[in-house]
Enquirer: 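Supplied in structure tokens, the structure appears directly below.
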Amino acid sequence: MPELPEVEALREYLDAHLPGRMVERVHPLAVSVLKTYDPPLSALEGQPAGATARFGKFLAVRIGELHLVTHLARAGWLRWQETLPAAPPRPGKGPLALRVVLEGGGGFDLTEAGTQKRLAVYVVRDPQEVPGIARLGPDPLAEGFDRDAFAALLEGERRQIKGVLRDQSVIAGIGNAYSDEILHRARVSPFKLAASFGEEQITELHAAVQDTLREAVARAHGLAAGELKAEKKSGLRVHGRAGEACPVCGDTVRSVSFADSSLEYCPTCQTGGKPLADRRLSRLLK
């Protein structure tokens with residue numbers, strides 16, 4: 001799933017290529033992706049593209065007086081094309097969900113792999129009209145997201161820290177992969193209760209959030225959209241690396257599987273050497 005660093009890189013890429021270009025046509029190929037109907041997609045046609053903004057994992061492209069907002073979900077992606085086929089695309093079973101054609105050639109596609117279709121597209125007058133944006137928590141790279149602001153979010157929070165970091169209404173933009181990376185850097189168990197952190201641990205976790213995300217954004221800076229997935233994978237130390245050696249201590253990275261996802265961690269770095277139970281319970285194996 002694209003998370004804050006990849007979405008920020010896509011925002012930068014679009015900002016460098018879109019402003020001033022006129023939208024010629026918008027082709028919806030998968031009706032399920034469109035979550036709004038007024039204004040219609042056709043209202044974007046003949047309008048100039050402006051700046052692109054990021055809200056957590058959402059992208060919002062200004063087009064005329066409207067905004068084309070998308071959430072790429074788990075398997076969605078944005079593919080920039082310098083040239084597009086002259087013939088309009090046909091709806092089918094392929095990954096193409098929506099195509100934006102620009103005057104003079106080129107444009108971009110929104111695609112989604114797999115059978116679970118969660119890619120979402122909105123046409124709105126204000127990005128805050130999108131429910132998922134309206135309920136977002138603070139952006140962890142925003143200027144005001146300091147150590148004290150982070151501590152206030154954890155105060156009284158009785159959930160496991162892994163779930164808190166992924167909760168978009170608490171902190172915007174962090175998903176499954178980067179929450180694993182943050183917790184590994186901070187040497188914290190993903191099952192530790194958020195409210196149980198001491199002052200020093202809060203400071204260390206806040207630093208891990210900032211450093212992990214800023215480094216990932218820096219690695220992705222300037223890359224073309226097609227290169228971002230490979231860059232993300234190459235930069236991960238534990239997520240998606242179960243069975244490999246931890247790059248910090250050499251222990252074997254382990255995984256905990258859930259119904260539709262998994263988490264990865266290092267027992268030596270994060271849980272005192274004890275493996276976590278590979279089930280939905282939040283306790284260590286005895």
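Everything numeric in this text was worked out from a predicted model, so none of it was measured.
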Enquirer: Given 3.5 Å as the limit, does a donor-acceptor pair link the side chain of E129 with the main chain of D126, or not?
Expert: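 A pair under 3.5 Å: yes.
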Enquirer: Just checking, any donor-acceptor pair under 3.5 angstrom between side chains of D109 and T111?
Expert: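 Per modelled atom types, D109 and T111 side chains form no pair under 3.5 Å.
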Enquirer: Would you find more than 12 non-hydrogen atoms of other residues, nucleotides or ligands less than 6.0 Å from R79 atom CZ?
Expert: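 Atom CZ in R79 is not packed in, count stays at 12 or less.
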Enquirer: Between Y13 and E8, does any side-chain donor sit less than 3.5 Å from a side-chain acceptor?
Expert: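 Per modelled atom types, Y13 and E8 side chains form no pair under 3.5 Å.
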Enquirer: Just do the salt bridge (charged side-chain N to carboxylate O under 4.0 Å, His left out) check on R147 and E199 with the steps written out, would you?
Expert: CA-CA 10 Å; R147 186 262 181 211; E199 293 299 313; 2.6 Å; yes
Enquirer: Got E24 and E45 here, is their nearest side-chain heavy-atom distance under 4.5 Å?
Expert: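 Sidechains of E45 and E24: no contact.
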Enquirer: Just by modelled atom types, is the T252 backbone N or O under 3.5 Å from a matching donor or acceptor in the E244 side chain?
Expert: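 Judged by distance alone, no pair lies under 3.5 Å.
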Enquirer: Is there a side-chain contact between P275 and Y265 in this structure, where contact means two heavy atoms from C-beta onward sitting under 4.5 Å apart?
Expert: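 Side-chain contact under 4.5 Å: yes.
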Enquirer: Taking the side chain as everything from C-beta on, heavy atoms only, tell me whether W77 gets closer than 4.5 Å to L228.
Expert: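 Yes, at least one pair of side-chain atoms sits under 4.5 Å.
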Enquirer: Side chains of E264 and S262: any donor to acceptor distance under 3.5 Å?
Expert: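 Side chains of S262 and E264: pair found under 3.5 Å.
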Enquirer: Is any side-chain heavy atom of L183 closer than 4.5 Å to a side-chain heavy atom of V238?
Expert: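 No, too far: nothing below the 4.5 Å cut-off.
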Enquirer: Testing the 3.5 Å rule here: is there a donor-acceptor pair between the side chains of H184 and Q270?
Expert: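 Looking only at side-chain atoms, Q270 and H184 do not form any donor-acceptor pair under 3.5 Å.
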Enquirer: Quick one: does L98's side chain get under 4.5 Å of L29's, heavy atoms only?
Expert: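 SC-SC contact between L98 and L29 ruled out.
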Enquirer: Under the criterion salt bridge (charged side-chain N to carboxylate O under 4.0 Å, His left out), I'd like the reasoning laid out for K232 against E3: C-alpha separation, chi angles, the key distance, then a yes or no.
Expert: CA-CA 10 Å; K232 176 181 180 178; E3 300 180 34; 3.6 Å; yes
